Every structure is written in structure tokens, then in C-alpha cells.
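Okay, so here's the structure we're looking at.
All figures in this text were calculated on a predicted structure; none of them were measured in a lab. Chain A is the first sequence line, chain B the second, and so forth, proteins listed ahead of strands; every chain is numbered from 1.
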Amino acid sequence: MKGLSASRFCFYLGFVVGTLSLYLFLRQLWFERSMELPVLGGVQGSSVAAVAEERQASVERAALINLNVPHHTGEDSRVADELYRKVRILCWVMTGPSNLQTKARHVKATWSRHCNVVVFMSSVDDPDFPTVGLGTGEGRDQLYWKTIRAFHYALEHHGNEADWFLKADDDTFVVVDNLRWVLSNHTPEEPLYFGKRFKPYAKQGYMSGGAGYVLSKEALRRFVEGFKTKVCTHTTSVEDLALGQCLEKMGVLAMDSRDTWQRETFHPFVPEHHLTGKFSKSFWYWNYCYYPIVEGPQCCSDLAVSFHYVDAELMYTLEYWTYHLRAYGYRYRYRPPLPQGLVERLAQPEMATVGAAGRGTIPAGVIVVGGGDQSKMEAVSYKGAARESQIPMDNNRTAVTQERQQ
Amino acid sequence: MLSEGSSFMKGMALGGIFCLLLSLLGSFTPGMQSSPEDQHHHHHIKAPTNDELQSLSEPQMVELSQKVRVYCVIMVQPKVLVYWATAKDTWGKHCDQAVFYSSESAKALEAVDLNEQDEWAKLHKALKHAYDNSGDLRWFFVARPTTFAIIENLKYLVLAKDPNEPFYIGHTVKSGELEYVEYESGIVLSYEALRRLVNVFKDGEKCPERGRSLWKLSEEKQLAICLKYTGVFAENGEDTQGKGLFNSKSVGSLIEDGMSKNSLDVVEGCCSDLAITFSGMSPNQMQVMMFGVYRLRPYGHNFHDSLIFLPPDGSDND
């Protein structure tokens, strides 16, 4: 056997140690690289960031087209886009410096993106958020002052950019597309106002502040005029009641915002409360509601417009439920007709049958499957025509006394 | 001494270079070795794309729509009656057939009484009963009533899949060598998978009816093992973008996770638009989910889905 010299031995040892240590080093590197998770939602991120960075001389943000909210693939939003152009809504959100990061921020990230114009109203200017400063203090006693000044600001700075003016709190969630539907058959040149109608203290009732309310352009003009002529003054800090009383004096009509099945659209509480809660008979709510209270699932329209007392987590949850989560292929029970103005605008062969008392037609080439416990199935097919849009269709439904599918 | 030291260093340097060269040449990767057998089983099952569906002919669509019918196996306990009642009143109505399997009989609600307390034995018996009574239904969805399911989205996921092939789908979890479907987020089995399972049930060695007390495995793992013997492997259900469709948390919980991570878009990063299951909600929250899934929507947005599912009879919360 050949003898190994010490240095030779050290060389071999060094070789082995070198190989081994580099192997372990590379393995660790590989391991770390494989642990990096893919980034989801990258596409949406850029559009949200672009919106956040916008800062103009006048501190609020104006959207030209409804492309601030990206549409989903396979989604036909022609009707919603048409309504965006036709029914222009300015949303102003009542907030304050201490609520910007805890509440207003989440409104900004969710439903307010669907407004034509959105303005966050606070007591002080904040160019970073951005908010408009109304020059008031903060607190419950300032609420009506803020409301008065906010509406004056909206008419003065954005009177030409919108037809309807919505007031909401920073814990109100609004489905703006559904608000457009409610307003679509009315004209902003009439003095009208919509919201969750309460009955006491005013002859025609007034709209709940928390659930959000909307003034037509003419109603807003009259509100501002009322203060100019001193017909209206700052009477109380209870802003929704005070506003309602002023509007009543100025001849603005309190409207019925319920859907065609008489279900409420503006809601003063969270969905869970309305859908599953029982209001105790001594609760003030029973004496306040202008229209009969319905408990259970029929409390609320499918095309709900607002909910109140919505915390941050629920804001995102509601946005997800409204604009994202759906049941594939599900045919809704409630399918109201297209608003009159749109029928002509979007005239196409299939849509001519919509809205009239005719039966709803199913688009060509679509298979209908009986749901739930029904074991029968209908395969409906029409030859020739390509698949067209599935506009919500009505089935022999007259407005008021229609019985609902129980 | 010095010459030995320098030889050592030279050796080390050479060894390092040698290792680097080898890895660059790719003849071995210092990273995690996944055996060829493992790669086979990282299965993902994706929902069909619009193009795929539109490429199908009319008679093919009709045939598919008749095949895609779901038998729901809902494992209940009289102890938690309220969840049982809620499942029956909410998502259970959207199954083509929803059958409740209970550990013991309860006067209040109708169920198949398994007369059994052991979890695996219950599942075992329920699946056998389901197979024997499935009629012409070809897809099986197994869940506890604390899970909320959107059956239409389940049908969409398996629309283009043949139930005469074995499928075992859900949210997959890896435990050592075993990949199984998480019970909490619901388990989907095709007719063929269930047929093979019922067959292997007869083999008391491979698939015992009662878990051996020393080797007590959870029923979800036990199911995966039995299916593995028959050549059926777990597959993760995903949408066309790769987002998981089966969730073991509630929407609120997932949103909360997104918020605490300060993600840029909390809603987009939460969950799929066509999610199939969520879990961990109270009965009231499930009623609210019915509103959120089947009713609440923004006016003027339409989808051109290839199938239409009609709402169930005698229901007003969807």
C-alpha cells in the first residue's frame, strides 16, 4: 500500500469539504427560491395604484368612463356602461380626519370607485387622501353644517359633471350600479329625492342619513336656493331630518325607492340584521319606517342599493359578493325589465321582446337545466342565431300586485 | 504544517468548483428531489374555459348537462341541529338530491340513521349507501353541514369531465407521502371513484371499516388511502386562473387575511368568482351567503354562461 503524505491527505479532505459545503449552500438557495409564492391579483394592482396616485388642484377624483373598475372576462356590461353614461352620480362621503385610515380608506378601495365622481368631505383639507375641508368642526353637532356645506360645494364645483348627488357615511356601503337602476326611469330636472324613507316629523317623511340618500340636480338647486333665500336655515344637527324638512319646504318630493316587488333597496343596517334578525316590537324602527317592514329574505331587494354600519371587513366582503362571487349559470328569480330609455338605445332583435308583457326568451344555443330537486330537464335550443346577450327579462309581470314566487 | 494547510485550501477550492460545475451541467439539482412518481400526482383540475365550452356541439352540451347532476352526502349530528336545519334550508336545496346521514336518529329532522359514532365508519357506511341509492346521479359531494357549498359552481367545474372516469377533487393537502382532500372544504367524487371505493371496502385489509385503534387516522386521510389503493388520486380544484375553488375558511376570514397582509387589492386576492365551498360560518351567516351568492348583484352586468340552472321550487332565500 502506498503511503499518503500529509499534504496529499489534506488536499483530498479539502476537496471533499469544499464539495459538500457548496452543495449545502446551493441546496439552501434552491429551497428559498422555491418558497417564493406567486403574486396574485397583479393585474388589478396597477389600476388601483394608478387611481390612488392621482392628485389634482381640486382635491377630488373624476372618472371619465367606468374603466376604473376592470371588467371581468366573459362579462357583458353594456347595460351597466350605458347607465354609467346616462345616470351620472356624484357620491360625497361624510368623513373626518380620524376616520380616514380606519373607515374612509376602505370606501375608497371598494364601492366609491363605481361613482362617476367621488368627493370625500371632512372638516379639514387633506391633499394626500384626498379630502375636501368644509371649514367645520368634528362631532355629531356639526353633521348638518357639514351636509349643508358639502352640498353647496358639490353643486358649485361639480354641478355640470353629475345629474344626481348621493350622500353617504364612511360606514355606508352602496351598490352604485343598482342606484343607477332605481334612478333610471326618473329625470334629474324634476325635484326628487330617494333613500330609506322614515315617516315621523315631516309630512312626506324624510330619508335616513346612514342608509344614504340621493338628490336630483333640481332638488339640489332648490336646497341651495333655500339657504340663499333663508327659507332654510341650520335648525338642528340631526342632518337627515333637517335636510328632509328643508326639501319639503322647497317642494322636493320624497320618493319610493322600493323595487318592482315592493322590496326595500336602501337599508339602515347590515345585511345579516335585515335578513336574519328579528326587530323587537318596541324597537324605534317599527315606528319610523314609512313602508311596512318585512322580516326575512324578502326584506331586501336583489338589487339592494345600500347598507349601513358596515365595518372594514364587511366592505370588502360586500364588494366581493356584489361584483365577484356568483353561481355559474344561475337564473335569478327577480329579473326586472330594462329601463324604458335603454330599450331604444340598445335596440337589437332579442331585446325588442324585453320589457313587454311577452314571455322571456332564452338566448340561442343555451341549455336550461332544472334546478334543485327537479329531476326533469329542459334542453332549449334554437337553430341559427349566434348567442346574444342575456338581458334580464320579465315574465308576465305587472307592477304592483304581482304575487311573488313563494 | 503550512504546506498541509495550503493543500487543504486548494482541495476545498477545487471541490467547490467541481460541485458548481456539476450543478450547472444539470446532472444533479441540489434542490428538492421530487421522484417521478410524485410528479405524476400533483394533480390540478381546472374549470373549463369559455373557448372549450363553445367548441362543443349542441348534442354534446345536452349530454353533458344531463350527466352533471349531484348527490349530496351531508354528514350530520343531532348535537348540532341548527347547522343541519340550515344546510337543509340553504345550499342543500341546490343539490339534485341531498341526503342527510346521521350518527343517530333525530326526531326533528329526516336522515339516514347510520347508528355509528366512529367517524370513519360513518363515512364508510354513508358512501356505501349513497352508491347504492344514487339512481342516475353521477357526481357525489360529501360535506358536513358547517360547510357552505355552491353546487352550480361545482357542476361548472366538472362539466367537461366524464364521471365514468375516477375523480377525487377538493382542496388537496399533502401529509408526508399522502395527498388527500380536506374534509372541511368538501369532497367531490365521480361515480367511477365511488364504485372503486365501494369495491375496495370489501377488502378488510386495505380498507378496514373501523380504524385500528393504534393507528387512528382521520377519516379524510383514511379515504385517501383507500382510494389510492384503487388508483384514484386527489386533485386540487381550481378556476381558469389557478385560484382554489374549495375554501376551508369563510369569506370574512379570507378577507381579514388579505387586509392584515395589506394586499393591494383585498377583494381580488381573496377568493375565486366561481368558488365552490366556504366553511366556518354561523347559521345566520349562511343565510346571508344565500343572499350574497344567489341574489345580490349589480344591475346591468350579464354573463353568457353555456348552461342555465333554474332556481329550486318552494324557496325564497335564493
Side-chain angles (χ1 to χ4, degrees), chain A residues 6-7 10-12 14-19 22-23 26-27 30 40-41 44-45 48 74-77 79-80 83 175 177-178 181 271-272 275-276 297 302-304 313 316-317 319-325 327-331 333 366-373 379 381 387 389-390 406, chain B residues 3-4 7-16 18-20 23 30-31 50 58 61-62 65-66 93-94 150 152-153 156 251-252 255-256 264-270 273-275 284 287-288 291-296 298-305 307-313 316-317:
Chain A
S7 60
C10 283
F11 179 82
Y12 288 137
F15 186 86
V16 170
V17 168
T19 314
L22 202 72
Y23 170 79
L26 285 174
R27 189 195 167 101
W30 221 266
L40 285 172
Q44 304 304 326
V48 173
E75 187 178 327
D76 173 7
S77 298
V79 174
L83 281 174
V175 186
D177 293 50
N178 291 345
W181 174 73
E272 190 172 335
L275 290 164
T276 64
D302 288 18
L303 300 177
E313 186 189 296
Y316 295 105
T317 304
E319 182 83 2
Y320 172 68
W321 280 338
T322 312
Y323 287 93
H324 293 260
L325 184 63
Y328 184 84
Y330 187 70
R331 186 195 227 191
R333 288 186 199 275
V366 182
I367 318 294
V368 180
V369 181
D373 288 332
S381 56
R387 292 167 193 189
S389 58
Q390 220 174 312
Q406 287 299 323
Chain B
S3 68
E4 283 149 9
S7 312
F8 183 84
M9 295 308 257
K10 278 187 219 158
M12 228 178 87
L14 218 64
F18 173 71
C19 180
L20 212 64
S23 71
N50 265 336
E58 197 74 30
M61 272 313 268
V62 174
S65 70
Q66 282 167 352
K93 287 187 282 199
H94 292 253
I150 305 168
E152 287 80 5
N153 291 345
Y156 171 60
V251 178
I255 295 277
E256 216 183 345
L264 265 176
D265 194 332
V266 173
V267 177
E268 182 63 26
C270 156
D273 288 12
L274 293 168
N284 273 351
Q287 290 285 359
V288 182
F291 179 71
V293 174
Y294 292 106
R295 296 175 56 202
L296 181 64
Y299 186 80
H301 299 259
N302 299 292
F303 293 88
H304 304 316
D305 297 330
L307 288 186
I308 292 183
F309 295 109
L310 296 179
D313 286 333
D316 79 336
N317 60 0

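Residue A:Arg333 holds its CZ atom at 9.5 Å from CG of B:Leu310, rounded to the nearest 0.5 Å. Atom CD of B:Glu268 is separated from atom OH of A:Tyr320 by 10.5 Å, given to the nearest 0.5 angstrom. Rounded to the nearest 0.5 angstrom, A:Tyr323 OH and B:Leu296 CG are separated by 9.5 Å. For the atom pair A:Ser77 OG and B:Tyr299 OH, the distance stands at 12.5 Å (nearest 0.5 Å).
Counting heavy-atom pairs closer than 4.5 Å to chain B, the top residue among A:Tyr328, A:Phe15, A:Trp181 is A:Tyr328. Highest contact tally toward chain A, considering only B:Ile150, B:Asn284, B:Asn317, B:Val293, is held by B:Asn284 [criterion: heavy-atom pairs under 4.5 Å]. When the candidates A:Val16, A:Leu83, A:Val17, A:Asn178 are compared by the number of heavy-atom contacts under 4.5 Å with chain B, A:Asn178 comes out ahead.
Closest approach of A:Ala80 to B:His301, counting heavy atoms only: CB-NE2, 3.4 Å. When every heavy atom of B:Gln287 is checked against every heavy atom of A:Thr276, the shortest pair comes out as CB-CG2, 3.7 Å. The heavy-atom pair separating B:Pro298 from A:Thr322 by the smallest distance is CD-O, 3.1 Å. Looking at every heavy atom in both residues, B:Ile255 comes nearest to A:Glu313 through CG2-O, 3.8 Å. Residues B:Pro311 and A:Arg331 share a closest heavy-atom pair of CD-O, 3.4 Å. A pairwise comparison of heavy atoms in B:Cys19 and A:Thr19 identifies SG-O, 3.6 Å as the closest pair.
Both the backbone and the side chain of A:Leu325 come within contact range of chain B, with heavy atoms under 4.5 Å apart. Only the side chain of A:Val175 comes within contact range of chain B, with heavy atoms under 4.5 Å apart. When heavy atoms are compared at a cutoff of 4.5 Å, B:Tyr294 approaches chain A by way of both its backbone and its side chain.
Remark: A:Tyr316 engages A:His106 in a side-chain hydrogen bond (donor to acceptor under 3.5 Å, both in side chains) (not counting sequence neighbours).
No side-chain heavy atom of A:Leu22 sits under 4.5 Å from any side-chain heavy atom of B:Phe18. Taking the side chain as every heavy atom from C-beta outward, B:Arg295 and A:Pro297 approach each other to under 4.5 Å. At least one side-chain heavy atom of B:Val288 sits under 4.5 Å from a side-chain heavy atom of A:Trp321.
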